[in-house]
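Since the structure comes first, as C-alpha cells, the remarks are kept for the end.
Nothing here was measured: the structure is a model prediction, and the numbers come from that model.
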Amino acid sequence: MVRVLDVDTQTAIRDPGKIIIRNTVLVDAIDPGGDVVRFGFTDFGEDITVNIIDGRTQTEVSRTFYGDSGPLISIDPVPLQMNIDIPTVQVILSQIHSQAQAMVRSNNIRNVQAQIHRMYLDPESMQPVAPPRCRFLGIVNGAPIETPAYNGGGSITLRITSHTRELTRTNPAKRSHETQKLRTDNFRRYSTVAGDWEIFWGEKSAKTTSDSGSSSNKK
C-alpha cells in the first residue's frame with residue numbers, strides 16, 4: 001500500500017535537520033468487563049493529547065499518550081515493504097511505569113489492536129506539523145514481562161504482528177454442513193463420515209451371511 005503524506009509532512013521531512021521526531025504506540029486493551037480501554041505511550045517526554053490519523057478507519061481522532069517518566073523505551077525499525085509478509089515489531093515499555101503496569105496486569109491485551117505513529121514536530125512550537133499517520137498497524141502477539149533484579153528497571157516487550165496476519169485466518173463455518181446447507185449447498189453433507197467409508201477398487205465388496213450361524217465370503 002502506498003503511504004500518502006499530507007503537504008505539511010512532506011515539507012517537514014525534506015529538511016530533516018529542522019524537524020524533531022517523536023513516536024507513539026496505541027494499544028486497545030480489553031478490561032475485565034469486556035470494554036475497550038486505550039493505552040497510549042510516547043517518547044515525547046510528557047503526557048500529551050494530540051490528533052492522529054487512525055490506522056484502521058483513516059479518520060482524524062484525538063488520543064492521549066503517556067510520556068512522563070519515560071514509559072516508551074524503544075521501538076524496532078518499522079519495515080517498509082510492498083508485499084504480504086507478516087512482520088513483527090517489538091515495542092519496549094518500562095515495567096515500572098504505572099500505566100504500563102495497569103495495561104498488562106489489569107487488562108487483556110492478547111490479540112488486541114495496536115498502532116504505531118510517528119510525529120514530526122515543529123522545532124519552534126514543539127507541536128506536530130500535521131496529524132501523524134499510522135506507520136504500523138497490527139495486533140499484540142505477546143507481551144512478556146522481564147522482572148529485573150533488585151533496584152532494576154525491568155521492561156515489558158510488546159510483540160506487535162502486522163494486521164496482514166488476518167489473511168491467514170480460515171473460516172471454520174465453510175467446513176460445516178450445517179452452515180453450507182443454509183444456502184442449499186450439500187457439498188459437505190458426508191464430510192464427517194466419508195473418512196470411515198471402506199472403498200473397494202476392482203472387486204465386489206465382501207458379504208457376510210448368517211443362515212447357519214456361520215459366515216462366508218463371496219466374491
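The side chain to side chain contact (heavy atoms under 4.5 Å, CB included) test with Phe65 is passed by exactly one of Val25, Asp43, Ile52: Ile52.
Residues Val50 and Thr24 are not in side-chain contact: their nearest non-hydrogen atoms beyond the backbone lie 4.5 Å or more apart. You'll find the side chain of Ile30 reaches within 4.5 Å of the side chain of Val36, heavy atoms only. At a threshold of 4.5 Å between non-hydrogen side-chain atoms, the residues Val91 and Leu72 count as touching. The side-chain heavy atoms of Phe136 and Ser162, taken from C-beta on, include a pair separated by under 4.5 Å. Within the 4.5 Å cutoff, the side chain of Met119 has heavy atoms near those of the Ile48 side chain. Leu26 has its side chain out of reach of Phe39: every pair of non-hydrogen atoms, C-beta onward, lies at least 4.5 Å apart. Contact annotation: the side chain of Gln113 approaches that of Leu137 to within less than 4.5 Å [non-hydrogen atoms, C-beta and beyond]. Arg133 has its side chain out of reach of Thr9: every pair of non-hydrogen atoms, C-beta onward, lies at least 4.5 Å apart.
One hydrophobic cluster, built from ILVMFWY side chains closer than 4.5 Å, holds both Val112 and Ile156.
Looking only at distances, a side-chain donor or acceptor of Thr42 sits under 3.5 Å from a matching main-chain atom of Asn23.
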Residue pair Asp76, Gln90: steps toward the side chain to side chain contact (heavy atoms under 4.5 Å, CB included) verdict = CA-CA 5 Å; Asp76 281 352; Gln90 292 195 145; 3.2 Å; yes

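Ring geometry, His97 versus Phe41: the interplanar angle exceeds 60°, so the pair is classed perpendicular (tilted spans 30 to 60°).
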